[in-house]
Trainee: 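Please find one structure pasted underneath; my questions will follow.
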Number of protein chains: 2
Amino acid sequence: MSQPGAALHLHLAAFAALSSADRKLLDAAVARKVRTIGPRKDIISEGERPRVVNVLLSGWAMRYKQLSDGRRQILSFFIPGDLCDANVFILGQMDHSIGTLTEVTYAEISATDFEHMMECSTRITKALWWSELVTLAVQREWTTNIGQRSAYERLANMFCELLARLHLVGLADGNSFDFPLTQNDLADATGMTAVHVNRTLQQLRRDGLIDLNNRHVTVTDPEGLKAAAQFNPNYLHLDGGVSN
Amino acid sequence: MSQPGAALHLHLAAFAALSSADRKLLDAAVARKVRTIGPRKDIISEGERPRVVNVLLSGWAMRYKQLSDGRRQILSFFIPGDLCDANVFILGQMDHSIGTLTEVTYAEISATDFEHMMECSTRITKALWWSELVTLAVQREWTTNIGQRSAYERLANMFCELLARLHLVGLADGNSFDFPLTQNDLADATGMTAVHVNRTLQQLRRDGLIDLNNRHVTVTDPEGLKAAAQFNPNYLHLDGGVSN
DNA sequence: CGAAGGATTGATTAGTCTCAACGCAAGTGG
DNA sequence: CCACTTGCGTTGAGACTAATCAATCCTTCG
């Protein structure tokens, strides 16, 4: 990625083509405060007060909740271009944590900068709303995934979603992509145990749907994987918004 | 509920006290187009294009997804005062359906009315953002609930959440409230089967935590229920926003 | 009175978890 | 440069939660 804001442009461009003025506005907001942080660290923890909007520029991160007895649910993955909740600073405290999976660079956008951005461009405002609505839709899909689908379908779905999203921001090379998650992470994201993830992955490999090793995934049979997952990408709303 | 918009006022007032001007603005938006619809009907179905923002005035509704093989995941419950996604009309099509559980009255707010309302009052705009962020937080909690908790904990959680939310809009009488869901609905909301819901409810009753019959719930041991659920209401963000 | 929807119960099975061990590769310190 | 540690993936055996299938009961309502 040659330029820090590139993934963000691509992310929002899924909703609407941005003008060069829009892009400048975004780049300015994203350039103000850039941070780098190592893998497996919290960017912000449950209970803290959110003061800024974070935008992921490179690396992978996750949203998660930890229960008092140690159980952890990963709620979503952040890939470059993703926003960690527009306007979160309205809330008094975080109800979950955001942590890194790899080394990560991210931009902090202050409340005033964020609001300024929304005042300056209706197109950006709508794109941010779109992004927020898609975040919600993804969360609903995860609820459905965990609530209704079998272990096999769940994992298939996860790979379908990640492939689609990574593709969007130019981080998938055809049907393959770098995949920094451990089987334990995958377990906590899908509501299963690491042992069962392991066995289910073997099944997916045996069925020739995916190839996963060395932190790299290749979807060897995209159509088969989609079918196994009953994957319907409508919830990603990549068809371009209504108001374009 | 003496007045149609009352639940909405109470809902938003959880974030910030509204001025009488704000209240008038809301009432006007909510009075423009009010509809009534019977139980077990769709208000809007997956695949349709959303054109308005719906606000529930009375009755219960749900958000759900239906898989091609008939499995259904209920994604959230709507009670009076709830908004069905601010700015949804930005999206090209619904990725899920919204259906009623009881007879329902709801208001349709057009895109222009909605945008007008946000332009007129920053307080309302923020309250709507708050509401949207809470919707997201609730969805995350449901993901966690289904992904990490046992059947027993899941149901306990559901009752804790509903009690808290109903209380907010004045629909809980102490620790009890009307509860129009069937065990089958509860099953589809928690990712279990109706049979297992039945058995788990019996356990909750035997443990003296709740009393459920005739479409009415009484939480007989609120503290016990919260403990069993490991219920932490922080995700409802009822502490009042930061910017008050 | 009969029909229908929902709640309840029982018996059996399947899917997933638990616990425990082992393998492998990469990294670290002496 | 080797011994040790550590993190992650893999395997096996057994236990248990929750699903499945099917029957029965209860209540409500036309």
Side-chain angles (χ1 to χ4, degrees), chain A residues 38-41 60 67 69-74 99-103 145-158 178-207 210-217 228, chain B residues 38-41 60 62 67 69-74 99-103 145-158 178-206 210-217 228:
Chain A
R40 307 284 165 178
K41 303 241 180 284
W60 285 53
L67 303 190
D69 55 11
R71 284 177 285 181
R72 176 183 67 156
Q73 176 68 43
I74 295 181
T100 61
L101 291 158
T102 64
E103 175 172 293
N145 204 26
I146 299 176
Q148 299 301 321
R149 295 199 251 252
S150 68
Y152 190 83
E153 296 171 308
R154 271 184 234 181
L155 286 180
N157 240 281
M158 193 60 72
D178 289 328
F179 186 74
L181 310 184
T182 66
Q183 294 185 354
N184 197 38
D185 295 329
L186 221 31
D188 287 348
T190 52
M192 34 201 296
T193 59
V195 171
H196 199 51
V197 164
N198 183 287
R199 293 184 166 127
T200 308
L201 283 176
Q202 290 179 42
Q203 190 65 48
L204 286 166
R205 282 190 273 246
R206 236 176 288 131
D207 294 346
I210 63 161
D211 185 28
L212 162 56
N213 60 59
N214 264 103
R215 308 280 123 107
H216 194 86
V217 171
Chain B
R40 308 283 165 178
K41 303 241 181 286
W60 285 51
M62 63 178 167
L67 303 190
D69 55 11
R71 284 177 285 183
R72 176 182 68 155
Q73 176 68 44
I74 296 182
T100 61
L101 292 159
T102 64
E103 176 172 291
N145 204 25
I146 299 176
Q148 298 301 321
R149 295 199 250 252
S150 67
Y152 190 82
E153 296 170 308
R154 269 184 237 180
L155 286 180
N157 239 283
M158 194 60 73
D178 289 328
F179 186 74
L181 309 184
T182 66
Q183 293 184 355
N184 196 37
D185 295 330
L186 220 30
D188 287 348
T190 52
M192 33 202 297
T193 59
V195 171
H196 199 51
V197 165
N198 183 287
R199 293 183 166 130
T200 308
L201 284 175
Q202 291 179 40
Q203 190 65 49
L204 286 166
R205 283 191 272 246
R206 235 176 288 134
I210 64 161
D211 185 29
L212 162 56
N213 59 60
N214 265 102
R215 307 280 123 107
H216 193 87
V217 171

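Computation of the quantities below employed the complete heavy-atom set of this structure, encompassing side-chain atoms and omitting hydrogens, waters and symmetry-equivalent molecules. Naming: A, B, ... by sequence-line order, numbering from 1 per chain.
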Trainee: Grab the CG-P distance between Asn184(B) and dA19(D) for me, whole Å please.
Mentor: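 Between P of dA19(D) and CG of Asn184(B): 12 Å.
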Trainee: Give a yes or no on whether a salt bridge exists between Arg72(A) and Asp185(A), defined as a side-chain N under 4.0 angstrom from a carboxylate O.
Mentor: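 A salt bridge is present here (some side-chain N lies under 4.0 Å from a carboxylate O).
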Trainee: Calculate the interatomic distance between Tyr152(B) atom OH and dT17(D) atom P; express it in whole Å.
Mentor: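 In whole Å, dT17(D) P lies 14 Å from Tyr152(B) OH.
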Trainee: If I take atom CD in residue Gln203(A) and atom P in nucleotide dT16(C), what distance separates them, rounded to the nearest angstrom?
Mentor: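 Going from Gln203(A) (CD) to dT16(C) (P), I get 12 Å.
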Trainee: Do any side-chain nitrogens or oxygens of Asn198(B) fall under 4.0 Å of OP1 or OP2 in dT8(C)?
Mentor: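 Answer is yes, contact under 4.0 Å.
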Trainee: Could you work out which one of dC17(C), dG12(D), dT9(C) sits closest to the side chain of His196(A)?
Mentor: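 Shortest atom-to-atom distance from the side chain points to dC17(C).
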Trainee: Could you please name the option among dA18(D), dG12(D), dA22(D) that lies closest to any side-chain atom of Ser150(B)?
Mentor: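 Of the options given, the side chain of Ser150(B) lies nearest dA18(D).
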Trainee: At 4.0 Å (heavy atoms only), tell me whether Arg205(B) reaches a base, stays on the sugar-phosphate, or touches nothing.
Mentor: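 Since only primed, P, OP1 and OP2 atoms lie under 4.0 Å of Arg205(B), the category is sugar-phosphate.
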Trainee: Would you indicate what Thr200(B) reaches in the nucleic acid, counting non-hydrogen atoms under 4.0 angstrom: base, sugar-phosphate, or nothing?
Mentor: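 Since no nucleic acid heavy atom lies under 4.0 Å of Thr200(B), the category is nothing.
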Trainee: Can you tell me how far P of dG7(D) sits from CG of Leu101(A), to the nearest Å?
Mentor: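 Taking atom P of dG7(D) as the reference, CG of Leu101(A) is at 16 Å.
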Trainee: With heavy-atom distances below 4.5 Å as the criterion, would you say the side chains of Met62(B) and Asp188(B) are in contact?
Mentor: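 SC-SC contact between Met62(B) and Asp188(B) ruled out.
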Trainee: Heavy atoms only, 4.0 Å cut-off, all strands: where does Arg71(A) land among base, sugar-phosphate and nothing?
Mentor: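 No contact.
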Trainee: Considering non-hydrogen atoms only, spot the tightest contact between Thr102(A) and Trp60(A) and give its length.
Mentor: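 Heavy atoms of Thr102(A) and Trp60(A) come nearest at OG1-N, 2.9 Å.
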Trainee: Counting any heavy atom closer than 4.0 Å, what does Arg215(A) reach on the DNA or RNA strands: base, sugar-phosphate only, or nothing?
Mentor: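 Arg215(A): backbone/sugar contact only, no base atoms under 4.0 Å.
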Trainee: For the side chain of Thr182(A), starting at C-beta, report the closest nucleotide among dC8(D), dT9(C), dA20(C).
Mentor: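 Ranking dC8(D), dT9(C), dA20(C) by closest atom to the Thr182(A) side chain puts dC8(D) first.
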Trainee: Among dT9(C), dA7(C), dT11(D), which nucleotide has an atom closest to any side-chain atom of Arg199(A)?
Mentor: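 Shortest atom-to-atom distance from the side chain points to dT11(D).
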Trainee: When we call it a touch if two heavy atoms are under 4.0 Å apart, what does Ala151(A) touch: a base, just sugar-phosphate, or nothing?
Mentor: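 Ala151(A): backbone/sugar contact only, no base atoms under 4.0 Å.
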Trainee: Rounded to whole Å, please give me the gap between CD in Gln183(B) and P in dA19(D).
Mentor: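 Answer to the nearest Å: 14 Å.
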Trainee: OP1 or OP2 of dA7(C) less than 4.0 angstrom from a side-chain nitrogen or oxygen of Gln202(B), does that happen here?
Mentor: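 Checking Gln202(B) against dA7(C): no side-chain N or O falls below 4.0 Å of OP1 or OP2.
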Trainee: dC8(D) P sits how many Å from Asn214(A) CG, rounded?
Mentor: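 Checked: the CG to P distance equals 14 Å.
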Trainee: Could you report the tightest heavy-atom contact between Arg149(A) and Arg154(A), atom names first, then the distance?
Mentor: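 Nearest pair, atom of Arg149(A) first, then Arg154(A): O-NE, 2.9 Å.
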Trainee: Can you tell whether the side chains of Glu103(A) and Arg40(A) come within less than 4.0 Å, N to carboxylate O?
Mentor: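 Judged by the 4.0 Å cut-off on N to carboxylate O distance, Glu103(A) and Arg40(A) do not form a salt bridge.
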Trainee: Let me know the distance between CG of Leu155(B) and P of dA18(D), rounded to the nearest Å.
Mentor: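 After rounding, the reported distance stands at 10 Å.
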Trainee: Could you check how far CG of Asn213(A) sits from C1' of dA26(C), rounded to whole Å?
Mentor: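 Distance, rounded to whole Å: 16 Å.
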